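What follows is a set of notes on a single structure, which appears directly below.
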Amino acid sequence: MAIMIEELIRSIEQWLRLIKKGEELYVDPNLDPVLLVPGIAGSILNAVDDDGKEERIWVRVLGADHEFRTKLWSKFDPSTGTPGMNLGCGADCVVGSKTRIVVPEDRYGLYAVDVLDPSMIVGRDCVCYFHDMIVEMLKWGFQEGKTLFGFGYDFRQSNRLPEAMSRFAAKLESVYTASGGKKINIITHSMGGLLVKCFMALHSDIFEKYVKNWIAIAAPFQGAPGYITTSLLNGMSFVKGWEQNFFISKWTMQQLLIECPSIYELMGCPNFNWNVIPRLEIWRKSQSANGDSTVMLESYEAEEAIPIMKEALSNNVVNVDGTDYHVPLNQDILKWAYETKEILSHAKLPSKVKFYNIYGINCDTPHSVCYGSEETPIADLQELPPFKANYIYVDGDGTVPVESAKADGLNAVARVGVHGDHRGIICDRHVFRILQHWLRAGDPDPFYDPVNDFVILPTTFEMVKRQEGGTQIISLKEDWEVISEDQDDLGDLTEKKPSLNSISVSHMCKDRSSQEKACATIVLHPQNEGKQHVELRAVSVSTCA
């Protein structure tokens with residue numbers, strides 16, 4: 001109780017300091033550093049020309065589609081494993097090699113993963129990435145450049161690209177040095193979890209040297225099969241609603257994705273023992289030799305679907321400055337991706353590093369993909385790219401199935417499902433509460449249960465012991481307050497009327513020389529604004545001859 005009072009006083013003092021300092025944030029020098037690693041499309045990318053002129057090309061509003069096509073479209077270079085366009089790939093480049101892509105390092109790497117288009121005012125929320133989390137962590141006492149850092153990267157590239165691995169190793173060392181030799185807490189979102197897992201597999205010694213904890217959020221450890229299948233065939237949109245008008249088209253994005261190793265590495269793992277096997281299904285029309293037409297539903301598992309996708313994209317062409325370029329499904333990237341998945345499957349967590357996994361639940365998530373219908377079948381597979389897909393859904397965050405996100409293959413301290421969609425989960429208040437608890441930041445509540453997301457807070461406690469001859473009597477009175485943001489979290493505790501429950505246990509020795517008996521009553525009061533009052537009254541009686 002004394003400890004709780006001291007913590008309360010310390011919290012009040014901190015609150016008073018914040019009021020006195022106005023906008024100056026409280027800094028806790030005792031915190032361990034945190035490194036934020038985003039997922040696909042979660043880093044600002046700048047293009048730099050030969051004259052050194054630098055401009056933001058992802059994300060931008062004005063001229064977004066044109067700049068994207070001329071600066072980011074690429075042809076994969078199998079000899080290096082990179083999108084070769086801006087890295088000097090020679091005559092096969094979609095555009096010239098005069099432009100190179102860089103990730104800005106401003107604000108110790110946080111600028112690139114905070115707001116993806118800082119110039120955007122209307123609809124700014126749709127381009128926020130780690131912004132809300134950064135703001136929240138600064139309130140807990142983290143400080144940019146001392147205990148809070150970001151790692152942006154070219155998300156077109158493979159998650160095991162040697163250059164990316166070298167940059168990440170250098171980042172870990174710089175964060176470790178800047179924080180005074182403290183080990184690092186890594187927080188990843190989405191594909192960032194695959195990048196970190198690749199690094200851990202390939203450079204386990206460096207990972208163990210610098211990393212204390214790794215918290216993965218919404219990571220597609222076994223892929224995002226439904227989402228990626230349609231991304232390769234139909235393109236990808238990162239926002240919904242009217243904001244789509246400010247971004248590149250799905251078709252423009254599709255042409256990039258077909259040459260991105262990272263996308264192929266997000267395909268559903270064919271060797272994973274899926275409870276629900278992801279499939280590509282097609283209602284297909286065919287004609288027999290005598291001219292009769294038939295319609296059948298064809299179903300393909302992961303590896304069987306590759307030839308279908310290859311045929312669908314066999315004549316895919318993009319035009320740049322009047323020149324057509326053939327961009328089919330890339331078999332070289334597919335081979336590279338299979339090798340990446342093999343590396344990921346053998347990754348081991350170093351003994352001194354703790355791993356935590358947060359994943360999204362309760363959102364319809366594409367898993368199997370179906371094209372056409374019995375009434376409108378597909379006659380030619382090359383019709384698939386402009387064709388609208390139908391989905392068979394499973395539970396997940398809308399992008400990554402729960403089954404994939406939970407299958408990290410690591411010895412996790414905890415795996416926690418949070419009701420949230422893929423992008424929204426990194427600005428969810430429940431996730432913030434869990435992170436604060438695991439990072440021991442700000443004023444963490446020692447009674448918080450991150451798995452069930454509620455707090456049990458003792459409010460009063462009284463215990464009386466007395467001896468009457470050979471009988472010992474112990475009386476206990478205790479009041480609790482169960483606090484939950486969502487009333488559903490308390491399940492059956494949310495009764496409209498107080499409920500009385502009782503329990504008793506007794507024990508007698510074989511020789512009947514002594515006996516122990518205890519009974520208790522518990523009163524559950526109605527929940528009010530997320531709070532539940534619980535009364536406990538217990539008596540223990542023990543006798544001896």
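Please read all numbers here as calculations on a predicted model, not as lab measurements. Positions are given from 1, in the same order as the sequence printed here.
- Every residue two or more places apart in sequence or in another chain that forms a side chain to side chain contact (heavy atoms under 4.5 Å, CB included) with D106 is listed here: P104, Y111.
- Residues that satisfy the salt bridge (Lys or Arg N to Asp or Glu O under 4.0 Å) test with R167, not counting sequence neighbours, are E105.
- In this structure, the side chain of D114 does not engage the main chain of F130 through any donor-acceptor pair within 3.5 Å.
- Between the side chain of N362 and the main chain of H419, no donor-acceptor pair closer than 3.5 Å is present.
- Using a 4.5 Å cut-off on side-chain heavy atoms (C-beta onward), L36 and Y129 make no contact.
- Annotation for K406: atom NZ does not count as buried by contact number, only 12 or fewer foreign heavy atoms lying within 6.0 Å.
- Applying the ring pair (Phe, Tyr, Trp, His ring centres under 6.0 Å) rule to pairs touching residues 161-183 yields F151-F168, F168-F199, Y176-Y210, sequence neighbours excluded.
- S262 places a side-chain N or O within donor-acceptor distance of the main-chain N or O of F155, the cut-off being under 3.5 Å.
- Qualifying ring pair (Phe, Tyr, Trp, His ring centres under 6.0 Å) partners for Y356, counting only residues two or more places apart in sequence or in other chains: W438.
- W336 carries R160 over the face of its six-membered ring, with the cationic atom under 6.0 Å from the centre and within 45° of the normal.
- A 4.5 Å side-chain heavy-atom check between I306 and L334 finds at least one atom pair inside the cut-off.
- Within the 4.5 Å cutoff, the side chain of Y393 has no heavy atoms near those of the H367 side chain.
- Contact annotation: the side chain of I434 approaches that of V418 to within less than 4.5 Å [non-hydrogen atoms, C-beta and beyond].
- The list of side-chain hydrogen bond (donor to acceptor under 3.5 Å, both in side chains) pairs with a residue in residues 193-205, not counting sequence neighbours, is empty.
- Here the side chains of S351 and E208 are in contact, with some heavy-atom distance below 4.5 Å.
- Y264 pairs by the side chain to side chain donor-acceptor pair (under 3.5 Å) definition with nothing, not counting sequence neighbours.
- Partners of K212 according to the side chain to side chain contact (heavy atoms under 4.5 Å, CB included) rule, which considers only residues two or more places apart in sequence or in another chain, are D32, K183, N185.
- Classification of E144 and R107 as a salt-bridged pair holds, one side-chain N sitting under 4.0 Å from a carboxylate O.
- The side-chain heavy atoms of W214 and V196, taken from C-beta on, include a pair separated by under 4.5 Å.
- Between the side chain of S179 and the backbone N or O of P33, no donor-acceptor pair lies under 3.5 Å.
- In terms of the side chain to side chain contact (heavy atoms under 4.5 Å, CB included) criterion, residue partners of K146 (sequence neighbours excluded) are, by chain and number, Q143.
- Qualifying side chain to side chain donor-acceptor pair (under 3.5 Å) partners for Y391, counting only residues two or more places apart in sequence or in other chains: T230.
- R423 has its side chain out of reach of T399: every pair of non-hydrogen atoms, C-beta onward, lies at least 4.5 Å apart.
- By the salt bridge (Lys or Arg N to Asp or Glu O under 4.0 Å) test, E342 is found to be paired with no residue, residues two or more places apart in sequence or in another chain being considered.
- Applying the side chain to side chain contact (heavy atoms under 4.5 Å, CB included) test to V353 and every residue at least two apart in sequence or in another chain returns F207, V211, L349, P350.
- In this structure, the side chains of L172 and I186 come closer than 4.5 Å at one or more pairs of heavy atoms.
- Side-chain atoms of S43 never come within 3.5 Å of backbone atoms of G152 as a donor-acceptor pair (strictly under, hydrogens ignored).
- Under the salt bridge (Lys or Arg N to Asp or Glu O under 4.0 Å) criterion, E136 pairs with no residue, sequence neighbours left out.
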